[in-house]
Amino acid sequence: MKLASLDDLFLHELRDLYSAERQLTRALPKMAKAANSPKLKQAFEDHLKETEGQVERLEQIFDLLGKSSRGPACKAMEGLVEEGSELIKEDAAADVKDAALIGAAQRVEHYEIAGYGTARTYAEMLGHAEAARLLEETLAEEKTADDKLTDLAMSGINQRAEHAAAD
Ligand SMILES: [Fe+2]
């Protein structure tokens, strides 16, 4: 039985997150390149650096547990990244594309927030205090990244998208 215990499920969640984050480190540079607003570009570049740190945190956790990070590819992130790259290729007004990129990035953040919240709770229940602390750190970063995207959308990008057709 592959998932016989909460320990097994915890490891399964961690490997899923690890695959998701590694996929993101390849997707975020493309999103930064596609962004029109310098602030949005910067936000994607900043989150890339954070994401690299998040990959390292997960590697620390695998070390702590004495387990390998190898697991199946995260299919949800594959789908989210695929939708993102379709958006990037779309023939769209620059401001409308920015609004769309924010929507795509927030889908990713929400997926990650769910995953990290779950993994952090399992870590606490299983008595892996250090792993729980590391997961909580990343969870806080993901929430901040999501809030920052909302701020960018609300402080001009959505409005410029709304008026794009009138220009
Ligand atoms: Fe992340």
Side-chain angles (χ1 to χ4, degrees), residues 6-35 37-65 67-88 97-126 128-155 157:
L6 192 64
D7 281 284
D8 297 339
L9 185 57
F10 178 48
L11 191 58
H12 176 85
E13 291 280 351
L14 290 171
R15 287 174 173 157
D16 185 74
L17 284 165
Y18 189 65
S19 163
E21 296 289 17
R22 298 210 338 164
Q23 291 181 51
L24 254 194
T25 59
R26 295 189 292 271
L28 279 165
K30 295 175 196 162
M31 294 179 77
K33 206 173 151 218
S37 144
K39 281 186 192 164
L40 183 57
K41 218 179 255 294
Q42 190 61 52
F44 287 144
E45 280 162 8
D46 292 347
H47 197 53
L48 172 61
K49 283 194 205 87
E50 266 176 353
T51 300
E52 285 161 354
Q54 295 170 352
V55 168
E56 278 168 30
R57 268 186 214 122
L58 287 168
E59 283 167 353
Q60 261 177 274
I61 295 172
F62 290 117
D63 280 350
L64 283 168
L65 299 172
K67 299 284 185 190
S68 138
S69 60
R70 277 159 67 94
C74 171
K75 291 198 178 67
M77 189 59 75
E78 279 180 355
L80 290 167
V81 166
E82 175 61 30
E83 281 194 6
S85 38
E86 277 170 16
L87 266 179
I88 288 170
K97 187 170 282 189
D98 277 356
L101 287 171
I102 290 177
Q106 287 195 289
R107 282 176 171 79
V108 167
E109 290 313 317
H110 286 224
Y111 178 76
E112 292 188 306
I113 287 167
Y116 279 107
T118 299
R120 186 263 339 258
T121 299
Y122 293 165
E124 282 169 354
M125 290 172 68
L126 294 165
H128 298 302
E130 180 61 7
R133 192 190 62 75
L134 291 163
L135 292 165
E136 178 62 40
E137 239 176 278
T138 295
L139 179 61
E141 275 179 5
E142 306 291 22
K143 287 179 179 166
T144 304
D146 182 51
D147 289 344
K148 205 167 150 192
L149 288 165
T150 298
D151 287 346
L152 282 172
M154 301 308 281
S155 68
I157 289 177

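Remember, it's 1-based here, ligands and their atoms both numbered in the order they're listed. For clarity, every value in this text was computed on a predicted model and none was experimentally measured. Only this structure's heavy atoms are used, side chains among them; waters, hydrogens and symmetry mates stay out.
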What's the atom name of the N, O or S in E112 nearest to the Fe ion (ligand 1)?
->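 It is OE2 of E112.
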With respect to the Fe ion (ligand 1), what is the nearest N, O or S atom of E142?
->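 Going by distance to the Fe ion (ligand 1), the closest N, O or S atom in E142 is OE2.
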Metal site angle (apex the Fe ion (ligand 1)), OE2 from E21 and OE1 from Q54, 10 degrees =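 Vertex the Fe ion (ligand 1), arms to OE2 of E21 and OE1 of Q54: 80°.
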Under the side-chain contact (heavy atoms from CB on, under 4.5 Å) test, which residues partner S37, sequence neighbours left out?
->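 Here the qualifying residues are K39, L40, D98, I157, R160.
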Heteroatom test (N, O or S) for E141 near the Fe ion (ligand 1), limit 2.8 Å =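 No - counting backbone and side chain alike, E141 has no N, O or S atom under 2.8 Å.
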Metal check, the Fe ion (ligand 1) vs T51 N/O/S, cut-off below 2.8 Å |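 Coordinating: no.
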Under 6.0 Å from the CZ atom of R57, do we count more than 12 heavy atoms belonging to anything else shown?
->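 Yes, the 6.0 Å shell around CZ holds more than 12 heavy atoms from other groups.
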Under 6.0 Å from the NZ atom of K41, do we count more than 12 heavy atoms belonging to anything else shown?
->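 For K41, atom NZ is crowded (more than 12 foreign heavy atoms under 6.0 Å).
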With R133, which residues qualify under salt bridge (charged side-chain N to carboxylate O under 4.0 Å, His left out), at least two apart?
->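 Testing R133 for salt bridge (charged side-chain N to carboxylate O under 4.0 Å, His left out), a comparison that skips the adjacent residues, returns E130, E137.
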Which atom pair, heavy atoms only, marks the closest approach of L14 to A119?
->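 That would be CD2-CB, 4.5 Å.
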